[in-house]
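First the structure, in the form of structure tokens, and then the observations on it.
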Amino acid sequence: MRFATTRAGACGSTAPRSRSSAHVRAVPRPAAGAATGRDLTGSELPAWMERVEHDDLPALHSLVNGLRRDQDAVIVSLSSSWNSGQVEGQDTRVKRIKRGGYGRANSDLLSIRILHRS
């Protein structure tokens with residue numbers, strides 16, 4: 001665990017101060033890269049998971065345990081240029097149309113509205 005040094009100000013603020021300050025306290029913060037997995041590639045995932053396991057971040061430990069269960073699939077998804085964005089967008093559109101017609105429309109009208117992109 002790494003620590004950032006801060007000093008409580010007059011209003012309780014924790015603005016960063018110099019280390020020579022008389023009222024210095026240690027605030028835990030995650031190690032560099034431990035909490036950021038946004039730009040990972042498939043080949044970098046195992047090393048990132050090892051770094052997270054050595055940090056004191058229980059929520060991320062749970063995430064890593066879940067990733068380990070499907071590690072091969074996660075690595076492939078991080079390595080692939082394909083994504084499911086188009087499918088997710090269509091699914092969201094259909095759900096929006098369905099919610100808008102709730103209680104008023106039957107399945108025939110729903111099908112027409114979905115197919116005609118209304």
Ignoring hydrogens and angles, tell me if any N or O in the side chain of [X] forms a donor-acceptor pair with the backbone of [Y] under 3.5 Å.
{"X": "Asn83", "Y": "Gly85", "answer": "yes"}
{"X": "Ser80", "Y": "Ser77", "answer": "no"}
{"X": "His61", "Y": "Asp55", "answer": "yes"}

Exercise. Does one hydrophobic cluster hold both Val76 and Met49, with members joined at side-chain heavy-atom distances below 4.5 Å?
Worked result: no

Exercise. According to a 4.5 Å side-chain heavy-atom criterion applied to Ile, Leu, Val, Met, Phe, Trp and Tyr, with indirect links allowed, do Val74 and Leu63 form part of one hydrophobic cluster?
Worked result: yes

Exercise. Taking all atoms of both residues into account, what is the closest heavy-atom pair of Leu78 and Gly42, and its distance?
Worked result: CB-N, 3.7 Å

Listed partners of [X] passing side-chain contact (heavy atoms from CB on, under 4.5 Å), at least two apart:
{"X": "Thr92", "value": "none"}
{"X": "Asp108", "value": "Asn106"}
{"X": "Glu50", "value": "Glu53, His54, Arg68"}
{"X": "Arg104", "value": "none"}

Look up atom [atom1] in [X] and atom [atom2] in [Y], then write down how far apart they are to the nearest 0.5 Å.
{"X": "Ser84", "Y": "Gln90", "atom1": "OG", "atom2": "CD", "value": "12.5 Å"}
{"X": "Asp70", "Y": "Ile75", "atom1": "CG", "atom2": "CD1", "value": "11.0 Å"}
{"X": "Leu115", "Y": "Ile97", "atom1": "CG", "atom2": "CD1", "value": "9.5 Å"}

Exercise. Do Val52 and Leu57 have side-chain heavy atoms sitting under 4.5 Å apart?
Worked result: no

Exercise. Going through the distances and angles, do Arg113 and Lys98 end up as a side-chain contact (heavy atoms from CB on, under 4.5 Å)?
Worked result: CA-CA 9 Å; Arg113 292 192 70 190; Lys98 188 175 176 182; over 6 Å; no

For this session: Just jot down the side-chain hydrogen bond (donor to acceptor under 3.5 Å, both in side chains) partners of Ser43, sequence neighbours excluded, or say none.
Result: Thr41

For this session: Could you name each residue pair satisfying salt bridge (Lys or Arg N to Asp or Glu O under 4.0 Å) that touches residues 71-92, not counting sequence neighbours?
Result: Asp91-Lys95

Exercise. Between Trp48 and Leu67, does a side-chain contact (heavy atoms from CB on, under 4.5 Å) hold up when you go through it step by step?
Worked result: CA-CA 11 Å; Trp48 179 82; Leu67 289 175; 4.1 Å; yes

